[in-house]
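Throughout, a chain's letter reflects where its sequence line sits, starting with A, and its residues are numbered from 1.
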There are 2 protein chains.
Amino acid sequence: MHKEHPLTKNQQIIFDLIDKSPEPMKAYSILFSVQKKGIKAPLQVYRALDKLVEIGKIHKIESRNAFIACHNSSCQVSKATAFSICEICEKITEISSASLSKYLANFKDKDGMKYSKYNLEFFGLCKKCR
Amino acid sequence: MHKEHPLTKNQQIIFDLIDKSPEPMKAYSILFSVQKKGIKAPLQVYRALDKLVEIGKIHKIESRNAFIACHNSSCQVSKATAFSICEICEKITEISSASLSKYLANFKDKDGMKYSKYNLEFFGLCKKCR
DNA sequence: TTTAAAATTGTTATAATATAACACCATGTA
DNA sequence: TACATGGTGTTATATTATAACAATTTTAAA
């Protein structure tokens, strides 16, 4: 595991916002929310997002183009992510299942190819929406 | 399994193109390629893509915003997809592993939630790029 | 401590991806 | 017939993301 670099100002502002949000946030909604703090341009947001993803503080939900804080405290690097997505209310939760991550981390395909990273998105209906 | 509806003209043109492509195709590259056949607007492409995804003839690679024909002949509905992505050459392959799909289809999270659909993307280096 | 490399910032402009809204047409079926 | 459904064509626009450049700050090595 790498040494933990402290976040820069923009990174911290954007991480705090995502971390406090009850749901994944989209880049331009982040931009809107941080304009009062002096972050005015999309690139400033995307650069912070890229870095935060890289160091594992947040994850990107690819099918939704949205970002969520990592609550999987054991891991600060996003090499193995799994999410549950409700197709009605769009509630999104990070799945942390030891057996799932073990299974996927060890998965080898037919060619014996082993992977350094994966992202899994499950879709269904959450309790409320069922 | 549903009765197989024949594809409409636009759907067929776009499916044929993707099916013949050695790599996943992006929407606007599809648009460019089919302009000579009279498909002129993004919406015409996106509508066909949506339908083709819905009926499982193609899949969307979410992390790449690209579309690939389904070669998993046993299944015409895209409820369970897994891909292998080379991070250098961007070679993308659909994984068909009975044990993987069985494991994921039966996966239940802590709340006992069962999922109707999933998409898994593995990242690593392909044989050539290793 | 200086200095060069690396990372971050700020900015304008633009590229790439995707959908809204509306009118029209074809087909199946009650 | 008539009417519901799904597909088409079109213009306009929304959303997501990056290019290119200049300046500044941080880091770590000489």
Is B:Glu62 salt-bridged to A:Arg64, going by a charged N under 4.0 Å from an acidic O?
no
Please tell me if the side chains of B:Phe107 and A:Phe122 come closer than 4.5 Å, counting only heavy atoms from C-beta onward.
yes
Nearest listed nucleotide, side chain of A:Pro42, among D:dT11, D:dT18, C:dT11:
D:dT18
With hydrogens left out and only the distance checked, is there a donor-acceptor pair under 3.5 Å joining B:Tyr28's side chain and the base of C:dA18?
yes
When you get a sec, tell me which of C:dT9, D:dG7, C:dA18 is the closest nucleotide to the side chain of B:Asn65?
C:dA18
Take atom CD1 of A:Ile61 and atom P of D:dT16, then tell me their distance rounded to the nearest Å.
14 Å
Between B:Ile14 (CD1) and D:dT8 (C1'), how many Å, whole number?
12 Å
Testing D:dG7, D:dT18, D:dT10 for proximity to the side chain of A:Tyr46, the answer is D:dT18
Give a yes or no answer on whether the side chain of A:Glu121 reaches the backbone of A:Ser63 with a donor-acceptor pair at less than 3.5 Å.
yes
Hey, which of these two, A:Asp50 or B:Ala48, hits DNA chain D nearer its 5' end, going by closest nucleotide?
B:Ala48
Under 3.5 Å, is there an N or O donor on one side and an acceptor on the other linking the side chain of B:Arg47 and the base of D:dG6?
no
Rounded interatomic separation in angstrom, taking NZ from A:Lys9 and C1' from C:dA7
15 Å
Whole-Å gap separating C1' (D:dA12) and NZ (B:Lys40):
17 Å
Of the nucleotides D:dT11, C:dT9, D:dT8, which has the atom closest to the B:Thr8 side chain?
D:dT8
Go through the side-chain N and O atoms of A:Thr81 and A:Asn119 and say whether any donor and acceptor fall under 3.5 Å apart.
yes
Is any side-chain heavy atom of B:Lys110 closer than 4.5 Å to a side-chain heavy atom of A:Ser96?
yes
Considering heavy-atom distances to DNA chain D, does A:Lys26 or A:Leu43 have its closest nucleotide positioned more toward the 5' end?
A:Lys26
Please give, in whole Å, the distance from D:dT18 P to A:Lys60 NZ?
7 Å
I want to check one thing: is the phosphate of C:dT8, taken as OP1 and OP2, less than 4.0 Å away from some side-chain N or O of A:Gln11?
yes
Can you check whether A:Gln44 has a side-chain N or O nearer than 4.0 Å to OP1 or OP2 of C:dT9?
no
Euclidean distance, atom CD of residue B:Gln12 to atom P of D:dG7 [Å, nearest integer]:
14 Å
Would you kindly give the CG-to-C1' distance between A:Leu52 and C:dA7, to the nearest whole Å?
14 Å
What is the distance, to the nearest angstrom, from the NZ atom on A:Lys37 to the C1' atom on C:dT9?
18 Å
